[in-house]
Number of protein chains: 2
Amino acid sequence: MSKSPSREDVARRVHSVALHLMRYVRSQDTALGVPPAQLSALSVIVFGGKTSLSDLAKAEQVRPPTMSRIIDGLVRSGLVTRETDKRDRRLVILTATDKGTRIMHEGRSRREKRLVDLLQPLVREEIDLLDRASDILAKELRTWTH
Amino acid sequence: MSKSPSREDVARRVHSVALHLMRYVRSQDTALGVPPAQLSALSVIVFGGKTSLSDLAKAEQVRPPTMSRIIDGLVRSGLVTRETDKRDRRLVILTATDKGTRIMHEGRSRREKRLVDLLQPLVREEIDLLDRASDILAKELRTWTH
DNA sequence: TCTGAATAGTTAGCATAACTAACGGTTAGT
DNA sequence: ACTAACCGTTAGTTATGCTAACTATTCAGA
């Protein structure tokens, strides 16, 4: 029977693991030729559907000017289209192109493969445990971000 | 009894949680007035002790020229000192100043507090579960990075 | 021992990405 | 109709990533 760890200990470990995990999966993204911030924004556009620029900026926790230039890059690469909303002409509506959608799915697939490789040696019980741990953290993160 | 999730599902959830968790804790770092890459490098110098520039670059998964400039910033802010090794005069030895050490500990404490806040509502069993999950992932990450 | 290869770090030049401040165009409220 | 609020862009600064090319130092072999 091992001693129960303190919240501080667990916080430290969870933080360290999250940090290294992100480094581990991000190494796959360079193959796509799309810079990280653009890739992240594209992901929201593809999987979240059409959005305005401000909403996207909020979702990515970035200021509007920053998002404006990220979109510049995506439009220049033909991955996203920019159009003004008919109802409210102040709004900019972003839509992923076919090319953008294709690249995003490829990227997602690459990252997932990489993570699945990592989880490969784990047994059923460990996989289930990771799933429950993810759920717990996801639930708490939702209460803090919304 | 709920159905066991596939490795792909778990990979997706773990990835998503790690992503949001990093965003959540990083929001605390702006208060320190030290940019993210510099903070990360400083962390290695403070907690890992003296290192050469190349070793630091490897640890941070960055090219030497990039690390050289990150160190420029840390030296300019008086958080780190640069000196050439006596034995091998090609090497640059980085050491954290008192100010650098102080700031690093403050940053670590802020991040941990933030994470402890997140974990606050969780019960004992959930904390233990997160601890085991961290251990599992940490172990797998070690086999892939070393 | 001397000469050439390898290693460590820096400099220069480029692209991406973050910020604030300031601005123009659009909509909404009184 | 006027004013305030809102949305997005432009301009300018700083930070961070890369490759290529360079200097200085060390090492290895003839």
Side-chain angles (χ1 to χ4, degrees), chain A residues 19 22-23 26-45 50-77 79-95 103 107, chain B residues 19 22-23 26-45 50-77 79-95 103 107:
Chain A
L19 190 78
M22 289 317 294
R23 283 185 180 166
R26 238 176 312 186
S27 65
Q28 287 301 299
D29 293 346
T30 56
L32 297 172
V34 182
Q38 292 184 23
L39 204 59
S40 183
L42 181 59
S43 154
V44 176
I45 296 171
K50 298 182 178 189
T51 26
S52 74
L53 191 144
S54 290
D55 288 346
L56 194 50
K58 277 188 197 98
E60 292 286 284
Q61 297 187 336
V62 145
R63 302 291 174 186
T66 300
M67 186 49 69
S68 188
R69 275 203 251 181
I70 288 173
I71 301 299
D72 284 348
L74 287 171
V75 169
R76 214 181 322 123
S77 309
L79 305 177
V80 158
T81 61
R82 224 194 208 119
E83 38 184 344
T84 62
D85 187 302
K86 304 299 179 192
R87 313 287 185 90
D88 186 340
R89 297 168 53 76
R90 289 172 301 182
L91 301 182
V92 167
I93 304 298
L94 288 335
T95 315
I103 285 196
Chain B
L19 190 78
M22 290 316 294
R23 281 185 181 168
R26 238 175 312 186
S27 64
Q28 287 300 300
D29 293 345
T30 57
L32 297 173
V34 182
Q38 291 184 24
L39 204 60
S40 184
L42 181 60
S43 154
V44 176
I45 296 171
K50 298 182 177 188
T51 28
S52 74
L53 192 144
S54 290
D55 287 345
L56 194 50
K58 276 187 198 97
E60 292 290 78
Q61 297 187 338
V62 145
R63 301 291 174 186
T66 300
M67 187 48 70
S68 188
R69 267 192 299 181
I70 288 172
I71 300 300
D72 283 346
L74 288 170
V75 170
R76 214 181 322 122
S77 308
L79 305 176
V80 159
T81 60
R82 226 195 208 119
E83 39 184 343
T84 61
D85 187 302
K86 304 298 178 192
R87 313 288 186 90
D88 185 340
R89 297 167 51 75
R90 291 171 302 181
L91 300 182
V92 167
I93 303 297
L94 289 335
T95 315
I103 285 196

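All chains are named by letter (A, B, ...) in the order of the sequence lines, taking the proteins before the strands, and each is independently numbered beginning at 1.
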B:Arg69 has a side chain; which of C:dA17, C:dT27, D:dG17 sits nearest to it? D:dG17
For A:Thr66, which contact category applies under a 4.0 Å heavy-atom criterion: base, sugar-phosphate, or nothing? base
Is the phosphate of C:dT11, meaning OP1 or OP2, less than 4.0 Å from a side-chain N or O of B:Ser68? no
CG of A:Leu56 versus P of C:dA17: gap in Å, rounded? 13 Å
Taking atom types as they are modelled, would you say the side chain of A:Arg89 forms a donor-acceptor pair with the base of C:dT26 within the 3.5 Å cutoff? no
Nearest-Å distance for atom pair CG/P, residues A:Leu79 and C:dT16: 12 Å
What is the distance, to the nearest angstrom, from the CG atom on A:Leu74 to the C1' atom on C:dT16? 12 Å
Taking D:dG17, D:dC6, D:dA15 as options, the one with an atom nearest any side-chain atom of A:Arg90 is D:dC6
Measure the distance from CG on A:Leu94 to P on D:dC7 and round it to the nearest whole Å. 15 Å
May I have the distance from A:Arg26 (atom CZ) to D:dG17 (atom C1'), rounded to whole angstrom? 12 Å
Is any side-chain N or O of A:Arg63 under 3.5 Å from a base N or O of C:dC19, one able to act as donor and the other as acceptor? no
A:Ile70, nearest nucleotide to its side chain (from C:dA18, D:dG17, C:dT11): C:dA18
Drop me the distance from A:Leu53's CG to A:Ile70's CD1, to the nearest 0.5 angstrom. 9.5 Å
Picking from C:dT20, C:dG9, C:dT16, the nucleotide nearest the side-chain atoms of A:Pro35 would be C:dT16
Would you name the heavy atoms of A:Gly107 and A:Leu32 that are closest together and state the gap between them? CA-CD1, 3.4 Å
B:Asp29 CG to C:dA18 P, straight-line distance once rounded to whole Å: 15 Å
Decide, yes or no, whether a salt bridge links B:Arg90 with B:Asp88 under the criterion of side-chain N to carboxylate O below 4.0 Å. yes
On DNA chain C, does the nearest nucleotide to A:Asp88 precede the nearest nucleotide to A:Pro65 from the 5' side, or the other way round? Give the residue. A:Pro65
Going by the side chain to side chain contact (heavy atoms under 4.5 Å, CB included) test, name the single residue among A:Ile71, A:Thr81, A:Leu79 that passes it with A:Ile45. A:Ile71
Return the value, rounded to whole Å, for the distance between atom CG of A:Leu39 and atom C1' of C:dA17. 14 Å
Nearest whole angstrom, please: distance from the P of C:dA12 to the CG of B:Asp72. 12 Å
Sequence neighbours left out, what pairs pass side chain to side chain donor-acceptor pair (under 3.5 Å) with at least one residue falling in residues 64-75 of chain A? A:Asp72-A:Arg82
If you check every side-chain atom of A:Val62, which of D:dT9, D:dT16, C:dA18 has the closest atom? C:dA18
